[in-house]
Amino acid sequence: MKKQSKKGESKFYPAASTQTSCTASAKMIDKARKDGAETVFERVASLKPCSFGAGGTCCRVCSMGPCRVTETRTGVCGATASTVAARNFARMIAAGAAAHSDHAREVIFTFIAAAKGEAPGYEIKNEEKLHALAKIFDINMEGKDKNQIALELGEKALAEMGKQQGEIIFVKQAPEKRQERWRKEGISPRGVDREIVETMHRTHMGVDQDYKNILLHGCRTSLADGWGGSMMATELQDILFGVPAPVRSKVNLGVLKENQVNVIVHGHEPLLSEMIVAAASDSELIEEAKKVGAKGINIAGICCTANELLMRKGVPVAGNFLQQELAIATGAVDVMVVDVQCIMQSLPTVAKCYHTEVITTSAKGKILGATHIEFNHHDALKIAKDIVRRAIKNYPKRGRVDIPKEEIDLIAGFSHETIKYLLGGRFRASYKPLNDNIINGRIKGVVGVVGCNNPRVKHDYVHTTLVKELIANNVLVLVTGCAAISCAKERLLIPEAAELAGAGLREVCEAVGIPPVLHCGSCVDNSRILIAASEIVKEGGLGEDLNEVPAAGCAPEWMSEKAVVIGQYFVSSGVPTGFGVSFPTANSEVVSDYLFKDIKEMTGGKWFYEPDPFKMAKTIIKHIDAKRKALGIDREKERVLYDMEMRRDLEIV
Ligand code: SF4
Ligand code: MSK
């Protein structure tokens, strides 16, 4: 076994138990240290962030700089701290929007190829959703089969990405009042490609130098992602792979199997990983695995590829963002297949200490030291089988295997359609029971807890502490991304977690049979939360616009630019949204003040920053209480005992 660092160095690093609240991760941090494999948990201890960069006032957009700007010292060109902070923030929005939307583009290409019959293994699976979307896109379906409709839809979807003028079609999904507000403020989005290009132009040296004007376009770009790119990825994936419905599975490193070939799929796009799951059940490959002494082939996920496969197929999740290197440190991962986003460059270096082969699969995402096997949708199943074969070949090369025992039950699969069915029933699917329970106060409000892990804060701790506080206060929590995986590991995604909820929320969860924390999917699936919130408004009784609903969003352990765009499209949609860890415009009081207060006049939503999970919960609850008061539903209702009819209203079908 090759080692990256000398034995004994570990004693200089913080104790693993102070860096993560996940016991399986703590064990693997210690093991990796003993094995001499350096991970993110050591690197973070030896790298101090630059305060100018962290607070948003380091400008490097031209070679007169880089300029470290302060409130009293401009850059060489005269750019102020507010201009630089707004520019950097807008560029983060654009980069996050690009990541989500490029994901959507790949999905659209595969979707079109599937409709043309040019992508063996893929099919237009969910006709109900296909028809619903075709209706939104004004496609005449008469006399057309599913592939003809899908082809038309795919081509229209592709055109939406680059729509130069006029707003994107999905804007219609938002409540009327919201649409009017966006139009009035000039932020109703055009195609996401157009908005991203304009952000990059405006933030070039010497163009837009009014921080409010830069942030105005930041709002528009974020909306082009939330209601465009991201929504497109989610909706078309649902048609290709199925609309998620409640599904049981397991989470944490314990899902790796000592006596099976383990393949980890990591990244974001489910296009190839869906095929890898199919390949793993191929009888020929299972026989090959048995010939090398394994009992079978086990697929597990990391990050949002994991969430995609979990939501639709119940594939177990090995861990979230900060566990990618730790999974390799178990010594049990025969192949780690990665596509795009949130993949650490260190993976092949860590893998050198073990037997794992790291395989990159996207032309857009190569890593020196990894094997590259390029994915294409014409040949996906064959590529998937080749990858699984490599894992089988690698299995006998394992050294010492040490898999933590943690393997926790969870329920996932809460698409906005599912939430509607669960609450309203298959034949009268509706958000009415949810609205009623918010109005009567059993449920205080709804909060989306989303986003990444960040080694600058204790792994998983901030997410789970915040979520426990929220449910204890009768707040229904919707989770996505790595936040969802944190909550699953803490046993918050099972119906029994209702025991930790306040009396009202607990009553609703027990009547319906759902957990108080609902897993809604991957990062792009935050668009499901936008649609759910719009449905709540359309149902009635909770205001006429998204900013009137007792709801909020937050990313307490955020790290990526995608989290910034998600937060910004929540804010631009009227939903107050909080960040933990640090705030990217902190060095400019002017810009931070604008984002924390004045932006509300334009969007109805605003940002807040609070790294302490208990205080963040208080801030969120205070906001929700204010919304309840404005709606006139703040008075304590008399507790009503459920009669049969009320129970039927809540029953699952
Ligand atoms: Fe410095 Fe202005 Fe160039 Fe930025 S654009 S690096 S502030 S001179
Ligand atoms: S994977 S963007 S670390 S949530 Fe979507 Fe997790 Fe954040 Fe990546």
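Ligands are counted one by one from 1 in listed order, and the atoms in each one are counted from 1 as well.
Ring geometry, Phe579 versus Trp558: the interplanar angle falls under 30°, so the pair is classed parallel (tilted spans 30 to 60°).
For a heavy-atom separation below 4.0 Å, the residues in contact with ligand 2 are His268, Cys303, Cys304, Phe321, Cys342, Gly451, Cys452, Gly481, Cys482, Cys523, Met559, Ser560, Lys562.
The closest side-chain heavy-atom distance from Met344 to Arg43 is below 4.5 Å. Thr80 is not listed as a side-chain neighbour of Val69, based on a closest heavy-atom distance of 4.5 Å or more. Two residues are said to be in side-chain contact when any heavy atoms from C-beta on lie closer than 4.5 Å; Tyr594 and Thr585 fail this criterion. Ile620 has its side chain within reach of Leu470: a pair of non-hydrogen atoms, C-beta onward, lies under 4.5 Å apart. Residues Glu357 and Asp334 fail the side-chain proximity criterion, which asks for heavy atoms closer than 4.5 Å. Considering only heavy atoms from C-beta on, Val457 stays 4.5 Å or farther from Pro611 through its side chain.
By the 6.0 Å and 45° rule, Arg312 does not stack over the aromatic ring of Phe241.
The pair Lys313-Glu274 meets the salt-bridge criterion, since a charged nitrogen lies less than 4.0 angstrom from a carboxylate oxygen. Salt bridge Glu406/Lys489: absent, no basic N to carboxylate O contact under 4.0 Å.
Only protein N, O or S atoms were scored, and 1 of them lie under 2.8 Å from atom 1 (Fe) of ligand 1.
Listed by number with element, the atoms of ligand 1 under 4.0 angstrom from any heavy atom of Arg87 are 4 (Fe), 5 (S).
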